[in-house]
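Please read the structure below before turning to the comments.
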Amino acid sequence: LGAIQLSFKITKQGTVSDVKHDAMTTGYPSIDKKFMTLIKNIPGKWIPAKNSEGEKIEQELVFTFGPDDGC
């Protein structure tokens, strides 16, 4: 089982958007798909990031799960 890397954005409204499967994969498409579904369906709202002027901005986050060496 390899590590998987997903990226997603938190919008100005505090919702998850643009969930993407990056180059890393577990090696099991069904598990990769489940991780994407989990990220897309995170319950609740996030607190949006703010810039230096205090304005809400969209922010991209990267989530990696699993071992670096694939073991």
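Computed from a prediction, not measured in an experiment: that's the story for all the values here.
In this structure, CD in E60 is found 9.5 Å from CZ in F8, a value given to the nearest 0.5 Å. Remark: I4 CD1 to D32 CG distance equals 3.5 Å, nearest 0.5 Å.
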Between I10 and L61, does the side-chain contact (heavy atoms from CB on, under 4.5 Å) criterion hold? Intermediate values first, please. CA-CA 8 Å; I10 303 302; L61 301 170; 3.8 Å; yes
In sequence, state the C-alpha distance, the side-chain angles, and the governing distance for L6 and M36, and then conclude on side-chain contact (heavy atoms from CB on, under 4.5 Å). CA-CA 7 Å; L6 300 165; M36 290 184 69; 3.5 Å; yes
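Note: the hydrophobic cluster containing L38 does not contain F63 (ILVMFWY, side chain heavy atoms under 4.5 Å, direct or indirect links).
Salt bridge annotation for K12-E58: absent, with no cationic side-chain nitrogen under 4.0 angstrom from a carboxylate oxygen.
Here I31 pairs with L1, T26, Y28, F35 under the side-chain contact (heavy atoms from CB on, under 4.5 Å) rule; sequence neighbours left out. S17 is linked by a side chain to side chain donor-acceptor pair (under 3.5 Å) to nothing, counting only residues two or more places apart in sequence or in another chain.
Nearest approach of V16 to V19, heavy atoms of both residues: CG1-CG2, 3.8 Å.
Between the side chain of T15 and the backbone N or O of T11, no donor-acceptor pair lies under 3.5 Å.
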Please tabulate, one pair per line, all N/O donor-acceptor pairs under 3.5 Å involving side-chain atoms of residues 43-56, not counting sequence neighbours.
| residue | atom | partner | partner atom | Å |
| --- | --- | --- | --- | --- |
| N51 | OD1 | E53 | N | 2.9 |
| N51 | OD1 | G54 | N | 3.1 |
| N51 | OD1 | E55 | N | 2.9 |
| N51 | ND2 | E55 | OE1 | 2.9 |

